[in-house]
**Student:** 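The following block contains the structure, expressed as structure tokens.
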Amino acid sequence: MNNERILIPIPALFSFDECLWFLNRNYDDCLHVIKGNAIFKTLEIGGEVILIRIREKAAFLEVTILQGRASAENKAYLTDYVFEWFDMRHSIQPFYDLLIADGRFAYMTEAYKGLRLIGISNLFEAICWCIIGQQINLSFAYKLKRRLVERFGIETEQDGDVYHVFPAAEILSAANVDELKAIQFSQKKAEYIIGIANAFANGALSKKFLLDLPDFDSRKKALTDHKGIGIWTANYVLMKCLREPGGIPHGDVGLLNALSNHDIIKDRGEAGKIQALFDQYQGWESYLVFYLWRSLAVKDLA
DNA sequence: GTCCAGGCAGTGC
DNA sequence: GCACTGCATGGA
């Protein structure tokens with residue numbers, strides 16, 4: 001064990017507690033472990049398995065490498081990864097200015113102060129997670145993800161806890177529909193995931209490919225060209241992985257419920273009112289979605 | 001048994 | 001383009 005540390009300065013309007021809260025909601029996510037006030041996560045960097053612990057230390061996030069080499073390359077990768085995961089690169093003050101000016105959501109600037117849009121930087125994982133979650137309840141979705149990861153992903157163990165890495169596309173492209181159906185995936189979900197895995201494995205789809213496209217609409221088109229990726233999934237992925245500020249998962253049940261709770265809409269068919277709302281948040285649409293999702297949990301916890 | 005869940009593809013107009 | 005339909009699968 002080496003226990004080398006990386007210290008990342010905490011920016012303004014950043015709350016590690018809100019990160020912890022989000023990652024430790026009522027769901028059983030298999031891709032990280034929360035113990036005390038620390039996050040444990042396994043990553044695969046160039047074929048090497050790295051286990052890290054992230055916790056708050058005064059004005060820093062302390063990233064400790066518990067397994068794997070603390071090479072300069074790995075430390076640079078991990079620093080970049082944490083910045084990206086917790087969206088620490090830029091100020092969210094302009095978003096807060098909009099919330100306060102709006103009034104309807106001004107309370108969020110205190111209630112969820114410092115909450116950042118927690119991302120999924122692995123594009124393949126982000127798409128698979130969407131396909132898993134399509135049209136089923138979230139707790140079942142997390143169960144399906146856990147079965148998939150435990151069946152096909154690599155894992156590491158420390159102090160009696162097991163840590164998983166999301167399966168590589170090359171692995172899942174070699175799986176067959178029946179193997180996924182055996183772990184309660186529907187026929188369609190199984191077909192979609194294997195199809196997407198094939199697209200990644202043969203190079204037809206990658207994060208770099210999307211990033212190299214000229215604009216938002218061409219990225220969306222490149223995503224929805226694949227079976228299993230509709231408008232909702234494309235926007236979710238653009239929001240959580242590519243961090244497109246304009247990514248709005250239109251039609252999302254949780255989003256609609258949150259808008260209804262805030263009396264923005266009365267039923268689910270008022271696209272005009274939703275558009276008008278997001279028009280006020282240009283450049284911060286995906287942040288507003290994330291904060292609206294955050295607002296849903298208050299009742300759950302009560 | 002019914003309704004719903006962080007939808008999608010296919011069809012018809 | 002838009003509305004409608006069938007599809008899946010588990011949980012409340």
Side-chain angles (χ1 to χ4, degrees), chain A residues 21-31 115 117-120 123 125-148 151 176-199 205 217 220-244 246-262 264-265 267-272 274-275 277-278 285-302:
Chain A
W21 175 85
F22 177 81
L23 293 173
N24 200 27
R25 291 173 296 166
N26 298 326
Y27 304 110
D28 175 37
D29 197 319
C30 57
L31 295 180
L115 171 66
L117 204 172
I118 309 293
I120 302 174
L123 177 63
E125 174 192 329
I127 295 174
C128 288
W129 174 229
C130 285
I131 291 170
I132 290 171
Q134 285 165 5
Q135 193 58 18
I136 60 173
N137 65 72
L138 266 182
S139 41
F140 181 49
Y142 277 101
K143 283 184 188 170
L144 288 182
K145 181 168 90 164
R146 176 174 285 282
R147 290 177 192 156
L148 184 76
R151 169 71 178 76
N176 62 55
V177 169
D178 288 336
E179 286 179 288
L180 297 190
K181 286 175 79 172
I183 51 174
Q184 307 318 125
F185 280 63
S186 67
Q187 174 80 25
K188 288 299 179 189
K189 282 191 198 302
E191 290 173 3
Y192 295 158
I193 285 188
I194 292 168
I196 295 295
N198 279 323
L205 190 53
D217 287 337
K220 191 184 286 187
K221 173 80 166 61
L223 284 165
T224 55
D225 278 346
H226 293 270
K227 296 285 186 194
I229 302 181
I231 296 293
W232 177 84
T233 297
N235 276 299
Y236 183 100
V237 164
L238 290 168
M239 164 185 173
K240 294 272 282 186
C241 182
L242 299 185
R243 295 198 171 280
E244 290 273 9
I248 307 169
H250 292 287
D252 178 84
V253 171
L255 174 59
L256 293 172
N257 287 339
L259 291 173
S260 175
N261 291 343
H262 286 83
I264 307 292
I265 57 172
D267 59 53
R268 293 180 177 186
E270 300 177 282
I274 298 172
Q275 189 58 50
L277 170 67
F278 282 107
E285 294 94 327
S286 62
Y287 251 91
L288 180 59
V289 171
F290 197 67
Y291 270 55
L292 285 166
W293 282 342
R294 173 68 177 84
S295 75
L296 291 171
V298 177
K299 286 194 221 166
D300 296 347
L301 297 175

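Order of the sequence lines fixes the chain letters, A, B, ..., with proteins taken first and strands second; residue numbering starts at 1 for each chain. As the structure is a prediction and not an experimental result, all values here were calculated from the model.
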**Student:** Please evaluate residues A/N261 and A/S295 with respect to the criterion side-chain contact (heavy atoms from CB on, under 4.5 Å), reporting the C-alpha separation (whole Å), side-chain torsions for both, the decisive distance (0.1 Å), and the verdict.
**Tutor:** CA-CA 9 Å; A/N261 291 343; A/S295 75; 5.6 Å; no
**Student:** Would you give the length of the straight line joining atom CG of A/N198 to atom NZ of A/K227, rounded to the nearest 0.5 angstrom?
**Tutor:**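 Rounded to the nearest 0.5 Å, the CG-NZ separation comes out at 14.5 Å.
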**Student:** Is the backbone N or O of A/F22 less than 3.5 Å from a side-chain atom of A/R25, with the two atoms forming a donor-acceptor pair by type?
**Tutor:**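 The answer is yes, because a donor-acceptor pair under 3.5 Å joins these two groups.
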**Student:** Sticking with atom C1', work out how far C/dG10 lies from B/dA9, rounded to a whole angstrom.
**Tutor:**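 Each nucleotide's C1' atom is 22 Å from the other's.
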**Student:** Starting from P on B/dC8, measure out to CG on A/L223 and report it in whole angstrom.
**Tutor:**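 Checked: the CG to P distance equals 11 Å.
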**Student:** Dump the intermediate steps for side-chain contact (heavy atoms from CB on, under 4.5 Å) on A/I274 and A/I248, then the final yes or no.
**Tutor:** CA-CA 11 Å; A/I274 298 172; A/I248 307 169; 5.9 Å; no
**Student:** Classify A/I231 by what it touches in the nucleic acid, base, sugar-phosphate, or nothing, heavy-atom distance under 4.0 Å.
**Tutor:**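 Counting heavy atoms under 4.0 Å across all strands, the contact made by A/I231 is with sugar-phosphate only.
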**Student:** Please report the distance, rounded to the nearest Å, between NZ in A/K189 and P in B/dA5.
**Tutor:**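 One finds 14 Å between P of B/dA5 and NZ of A/K189, rounded.
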**Student:** Using the closest heavy atom to pick a nucleotide of DNA chain B for each, name whichever of A/Y192 or A/W293 lands nearer the 5' end.
**Tutor:**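 Looking at DNA chain B, the more 5' nearest nucleotide goes with A/W293.
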**Student:** Please compare A/P249 and A/T224 by the position of their nearest nucleotide in DNA chain B and report the one closer to 5'.
**Tutor:**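 That would be A/P249.
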**Student:** Verify, without hydrogens or angle tests, whether A/K189 (side chain) and A/Q134 (backbone) share a donor-acceptor contact under 3.5 angstrom.
**Tutor:**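 Side chain of A/K189 to backbone of A/Q134: a pair is present.
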**Student:** Starting at atom CG of A/N235, determine the distance to atom C1' of B/dC8, rounded to an integer number of angstrom.
**Tutor:**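 One finds 14 Å between C1' of B/dC8 and CG of A/N235, rounded.
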**Student:** Could you run down nucleotides 5-12 of chain C 5' to 3' and tag each one B, S or - for protein heavy-atom contact under 4.0 Å?
**Tutor:** ---BBBS-
**Student:** Mind checking if A/L255 touches a base, just sugar-phosphate, or nothing, with heavy atoms under 4.0 Å?
**Tutor:**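 A/L255: no heavy atom of the nucleic acid under 4.0 Å.
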**Student:** Given A/I231, which of A/T233, A/N235, A/I229 fulfils the side chain to side chain contact (heavy atoms under 4.5 Å, CB included) condition?
**Tutor:**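 Of A/T233, A/N235, A/I229, side chain to side chain contact (heavy atoms under 4.5 Å, CB included) with A/I231 is met by A/N235 alone.
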**Student:** So what does A/H250 hit on the nucleic acid, given a heavy-atom distance under 4.0 Å: a base, only sugar-phosphate, or nothing?
**Tutor:**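 Touches nothing.
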